[in-house]
Number of protein chains: 2
Amino acid sequence: MHNDDSTELDSFDYRILQRWQADTRLPAKTIADEIGLSVAAVQRRLKRLRDSGVIRREVAELEPRPLGLAVTCVVMVDLERESAADLERFRRKMLAAAEVQQCYYVTGQSDFVLIVLVSDMEAYDAFTRRTLLDDTNVRSFTTHVTLERVKTGAGLALRDKP
Amino acid sequence: MHNDDSTELDSFDYRILQRWQADTRLPAKTIADEIGLSVAAVQRRLKRLRDSGVIRREVAELEPRPLGLAVTCVVMVDLERESAADLERFRRKMLAAAEVQQCYYVTGQSDFVLIVLVSDMEAYDAFTRRTLLDDTNVRSFTTHVTLERVKTGAGLALRDKP
DNA sequence: GGTGAAAAACACGATAA
DNA sequence: TTATCGTGTTTTTCACC
């Protein structure tokens with residue numbers, strides 16, 4: 001499904017999403033009690049939110065360190081040409097590159113912003129060589145090595161609804 | 001819990017994590033069949049991975065659009081002073097700001113990189129005023145408005161182990 | 001929306017290899 | 001460390017109101 005239709009979200013949906021986006025291990029019963037709905041109603045809404053695409057997916061957030069990914073870099077990439085085909089080519093490359101956790105196409109002096117996770121600087125070097133330096137359409141890029149991941153994740157700021 | 005001890009991860013753990021970080025709705029049975037373990041073993045390992053902190057949390061990834069968060073900005077922030085106290089103060093402010101989805105303390109010309117999600121540019125303006133312009137320790141910041149979120153999420157590149 | 005029953009998934013202990 | 005079995009519990013799914 002990807003039913004992007006006129007999904008009106010009410011206050012209950014927001015309160016469910018607030019909890020669900022923080023912890024999918026919560027039993028529906030807990031949420032139901034907190035917001036004053038039945039368990040079935042909460043689960044019905046969760047299903048609806050999944051089917052409508054509001055909930056993209058339910059995933060586990062892993063700790064990079066113990067998995068050997070100690071280095072996070074923010075990379076600003078400037079392209080030479082920006083034709084639709086060029087952009088699409090670069091897009092695909094980023095989607096295919098496992099080291100690229102996130103990729104944004106942006107306005108401003110740079111064209112793309114990447115969040116790259118690698119095991120060490122050697123791996124980062126290999127990544128840039130393979131993905132950026134060898135690309136004749138990459139005019140330049142600047143690297144910011146992360147000293148601390150102050151805040152991470154994909155959480156959204158949900159306001160309550162009246 | 002937070003047992004960061006000598007948790008050696010083997011090939012089974014990696015294969016479990018690969019699937020679990022993509023979809024926590026998969027029944028343990030499915031994973032068990034795929035990797036050739038019993039259901040109980042998979043569940044035991046998941047518990048161990050949670051307790052040891054390799055799995056930080058299990059969350060729902062939401063779609064920003066239907067929730068009224070149509071604008072994503074990448075913000076590069078340059079601070080005036082960088083004493084421990086100054087950094088800590090800014091850190092806390094970022095953690096408290098709901099609009100800030102991600103915050104990295106980095107090397108390079110900028111000091112902090114923010115991923116900011118807001119409903120529109122007016123909200124972004126309010127955010128910068130409140131959080132950056134009013135802060136006497138913020139020397140300058142540059143904004144990159146996102147035209148496309150090419151790749152998002154908190155997924156890690158897990159290689160298989162021998 | 002709610003209720004309740006059926007089904008599925010999970011948790012845990014015991015045993016054995 | 002596994003697998004398997006058995007049991008009880010929890011959670012989800014679904015038909016029906």
Side-chain angles (χ1 to χ4, degrees), chain A residues 1-3 5-63 66-68 158-162, chain B residues 1-63 66-67 158-162:
Chain A
M1 321 329 189
H2 229 252
N3 235 332
D5 60 9
S6 60
T7 312
E8 278 298 308
L9 300 177
D10 65 9
S11 165
F12 285 125
D13 290 319
Y14 272 86
R15 298 175 71 187
I16 291 171
L17 288 172
Q18 277 174 349
R19 290 157 177 81
W20 202 243
Q21 82 161 337
D23 185 4
T24 51
R25 301 204 77 213
L26 292 181
K29 172 92 170 84
T30 306
I31 299 176
D33 291 345
E34 283 177 8
I35 70 179
L37 277 182
S38 70
V39 175
V42 170
Q43 270 157 354
R44 243 197 314 262
R45 281 165 181 266
L46 280 174
K47 175 166 172 47
R48 198 166 51 75
L49 291 164
R50 276 190 278 259
D51 291 347
S52 67
V54 175
I55 294 177
R56 283 176 56 193
R57 46 185 204 155
E58 282 136 282
V59 302
E61 261 185 40
L62 309 184
E63 195 63 47
L67 293 165
L158 301 185
R159 77 198 181 296
D160 279 328
K161 262 218 175 165
Chain B
M1 328 327 183
H2 231 253
N3 236 331
D4 213 21
D5 62 9
S6 58
T7 312
E8 278 298 309
L9 300 177
D10 65 9
S11 166
F12 286 124
D13 290 319
Y14 272 85
R15 299 174 70 187
I16 291 171
L17 288 172
Q18 277 174 350
R19 289 157 177 79
W20 203 242
Q21 82 160 337
D23 186 3
T24 51
R25 302 206 77 215
L26 292 178
K29 171 90 170 89
T30 306
I31 298 177
D33 291 345
E34 283 178 6
I35 70 179
L37 277 183
S38 72
V39 175
V42 170
Q43 276 165 347
R44 228 177 307 129
R45 281 165 181 267
L46 279 174
K47 175 169 172 47
R48 200 165 50 75
L49 291 165
R50 277 191 277 257
D51 291 346
S52 67
V54 175
I55 295 177
R56 283 177 58 193
R57 46 184 204 156
E58 282 136 282
V59 303
E61 261 185 41
L62 309 184
E63 196 63 48
L67 293 164
L158 300 185
R159 75 197 181 296
D160 279 329
K161 261 218 176 166

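Side chains included, hydrogens not; waters and symmetry mates left out as well; all remaining heavy atoms used. In what follows, every chain begins at residue 1, and chains take the letters A, B, ... in the order their sequences are listed.
For B:Leu37, taking side-chain heavy atoms from C-beta onward, the closest of the listed nucleotides C:dC10, D:dA3, C:dG1 is D:dA3. For A:Arg25, taking side-chain heavy atoms from C-beta onward, the closest of the listed nucleotides D:dT2, C:dA11, C:dA9 is C:dA11. Of all nucleotides listed (D:dT1, D:dT12, C:dC12), D:dT1 comes nearest to the side chain of B:Arg45.
Atom CD1 in A:Ile31 sits about 18 Å away from atom P in D:dT10, given to the nearest Å. We find that CZ of A:Arg48 is positioned 15 Å from P of D:dT13, with the value rounded to whole Å. Following rounding to the nearest Å, A:Asp51 (CG) and D:dC14 (P) show an atom-to-atom distance of 11 Å. Spacing between atom NZ of A:Lys29 and atom C1' of C:dG4 amounts to 14 Å, rounded to whole angstrom units. The nearest whole Å value for the distance from the NZ atom in B:Lys47 to the C1' atom in C:dA11 is 10 Å. Computed from coordinates, the A:Glu8 CD to C:dG1 P distance equals 14 Å when rounded to whole Å. Atom pair B:Phe12:CZ and D:dT2:P shows a separation of 8 Å (rounding to whole Å applied).
When heavy atoms are screened at a 4.0 angstrom cut-off, A:Ala41 is found touching the sugar-phosphate backbone but no base atom.
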_Residue pair A:Arg44, A:Leu37: steps toward the side chain to side chain contact (heavy atoms under 4.5 Å, CB included) verdict_ = CA-CA 11 Å; A:Arg44 243 197 314 262; A:Leu37 277 182; over 6 Å; no
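Salt bridge present: B:Arg50 and B:Glu58 bring a charged side-chain N and a carboxylate O closer than 4.0 Å. Between B:Asp23 and B:Arg19 there is no salt bridge, since no side-chain N of the basic residue sits under 4.0 Å from a carboxylate O of the acidic one.
Between D:dT13 and A:Gln43, no contact under 4.0 Å exists linking OP1 or OP2 to a side-chain N or O. Phosphate contact (OP1/OP2 of D:dT2, side-chain N/O of B:Arg44, threshold under 4.0 Å): present.
Contact check for A:Val42 versus A:Glu34: no side-chain heavy atoms found under the 4.5 Å cut-off.
In terms of position on DNA chain D, the residue among A:Thr30 and A:Ala40 whose nearest nucleotide sits closer to the 5' end is A:Thr30.
Across all non-hydrogen atoms, the minimal contact from A:Ala28 to A:Gln43 is CB-NE2, 3.5 Å.
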